[in-house]
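The block underneath contains the structure these notes are about, expressed in structure tokens.
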Amino acid sequence: MSPGRGQWRDAWRRLRRHRPAMAALVYLAVLGAAALLAPHLAPYAYDAQDLALGATPPSAAHWFGTDVFGRDLFTRVLYGARVSLLVGLVATAVALCIGVLWGTVAGYLGGRVDAVMMRIVDILYGLPFILFVILLLVVFGRHLVLLFLAIGAVEWLTMARIVRAQVMSLRHQEFVLAARSMGFSTPRILFRHIVPNTWGPVIVYTTLTIPNVILLESFLSFLGLGVQPPAASWGLLISHGVESMEAYPWLLLFPALALFTTLLALNTLGDGLRDALDPKTAGDAP
Amino acid sequence: MLRFIAGRLLQAIPVLWVIVTLTFFLVRLAPGGPFDTERAVSPEVRAALEAHYGLDAPLWRQYLDYLAGVLRGDFGPSFKYANRSVTELIAAGFPVTAELGLWALSIAVLLGVGAGLIAALRPRRWPDHLAMSAAMLGICLPSFVLGPLLALLFGIVLGWLPVSGWGLTPGDKILPALTLGAGYAAYLARLTRGGLLEMLSQDFVRTARAKGAGELRVLLVHALRGGLVPVVAFLGPAAAGLLAGSFVVETVFQIPGLGRFFVQAAFNRDYTMVMGMTVFFSTLIVLFNLLADIALVWLDPRLRGAAGQGGGR
């Protein structure tokens, strides 16, 4: 279980044969580029209102139609992608850092330290985090940074468990012994020798965490606890779309489609990566 | 078994204590008091309000009072609904949410385990692909997208089912329960399939087949018990997800349950209400995890030493 350069190449070859995963990868790359370049690509400003125009169905001038304030929905969905992808990446990065650090230390040190650290993870698992995230947002206001931290703090637990299991299976292997006998320091052994070898499962789980995080942000924005107007996020657009779906169904359909396709692409890519990198964990945490 | 249950119960106590303490201090640390937001209040009125809600006592005193209240099932008065206690409001909303959750869970288990069984019976053939594609669809369609879409299609365009209320018109429970259950059905289908396929590769299944047992009998009698382990492990944490889902579903379908109360309380900054419901929900979830753990050990006695490791959130 220590993919060297050749094994990475094998994994890439396996992934390339996985057609749905490659399609998902292309879709995500296009979406990511579009989100990054949104200010240049978007035909209108995301908060430009045209009250005289009002809500209009999709047309050549407004591909996804306009909302009740006459704002271009295509532009707003594009800007929504920025929020959703940003939250997805940053919050996942937070979870990744905490989880890898926690899991590595617990797994490498073992013994009583490990027992205490994993006990903490067990207890945190039992907490209904979604309630605390909402509580946090209610109490401290709805900042984007807080949203990152709150969501990241939820998602690191499984990562810590996965990394710990990996590290425990690695720490008695010969290359670690060799590194130690050469007098390398513990941090150097951990981060130069052990952590790189846990990357397979970590990449798979990271890919599957991003859609969860995007979902959580959309959920909070849908409830009105996430991103605040006039900023746009898919959850917020969907919640506005629901309010007027009888009269203007396109206001619900397009943001919903954007969220759905992105989640589908990320989950498909995650499944493909799992098959390519780490066939053993297939069927583990859904 | 009894010792195991007692041990897990004892473990639940510190978890619940952490929840109550965390909730209490999070809310008390909030910048600005609960009466700051609206219009300015004269100092006398503020003092009277603070005395009424016990906010004039020192913090440790308030904490101990709250802890004692929670132990008695008393979450204090609501900040926004004058003259109603949080406990009353919870008691009013809980039966609705519980019923919704129960229907949703039944749908999820029926559809999910059913689809998983079909998929495992014909792996890598079209029934499997169909079931797994449907499951992927369910996973990528969150309740706040699925609910409105179902309401739009069946309620407004086709006009077959009512789209709001709870127990007022016949059939108004169908769409909310389906919305809430669909995502879990999808996860359960994947877990059931995975669990069953793993069991089917075991030696005892080969023995059963060698003795001439039919494929369906092998699946239902021999593989199902072990194959259900990941399913049950998922059901405990799923309770937490169902509650979170009820926030959305009850808002979308205008159901007077706890989920909608919680969202409204969050908007109104009704601190006692949010605190009370957080503690109440958490207790439910801890209880559900406990039940799932007990069921797990019953299904697979080898887990007795390692219980409490159930996956999910």
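Taking CZ from F281(B) and CD1 from I134(A), the interatomic distance works out to 9.0 Å, rounded to the nearest 0.5 Å. Rounding to the nearest 0.5 Å places CZ of F144(B) at 4.5 Å from OG of S218(A). Atoms CE and CG, from M136(B) and L264(A) in turn, are 6.0 Å apart once rounded to the nearest 0.5 Å.
Looking at T23(B), the atoms closer than 4.5 Å to chain A (heavy atoms on both sides) sit in the backbone and in the side chain alike. T262(A) does not touch chain B: none of its heavy atoms, backbone or side chain, sits under 4.5 Å away. Proximity to chain A (any heavy atom under 4.5 Å) is restricted, for V252(B), to the side chain, taken from C-beta onward. Of the two parts of F222(A), only the side chain, counted from C-beta on, holds a non-hydrogen atom closer than 4.5 Å to a non-hydrogen atom of chain B. If you measure heavy-atom distances from I238(A) to chain B, the contacts under 4.5 Å come from the side chain alone.
Between V145(B) and W234(A), the closest side-chain pair of non-hydrogen atoms is not below 4.5 Å. With a 4.5 Å cut-off on side-chain heavy atoms, L266(A) and C140(B) do not count as touching. Residues L149(B) and M245(A) are not in side-chain contact: their nearest non-hydrogen atoms beyond the backbone lie 4.5 Å or more apart.
Between chain A and the options L284(B), L22(B), V18(B), T251(B), the largest number of non-hydrogen pairs under 4.5 Å is found for L22(B). In terms of heavy-atom pairs under 4.5 Å with chain A, the best-connected choice from V263(B), L137(B), L152(B) is L152(B).
Within 6.0 Å of OH in Y27(A) there are more than 12 heavy atoms belonging to other residues, nucleotides or ligands. Within 6.0 Å of CD on E246(A) lie no more than 12 heavy atoms contributed by other residues, nucleotides or ligands.
The aromatic rings of F219(A) and F247(B) sit parallel, their planes meeting at an angle under 30°, below the 60° perpendicular limit.
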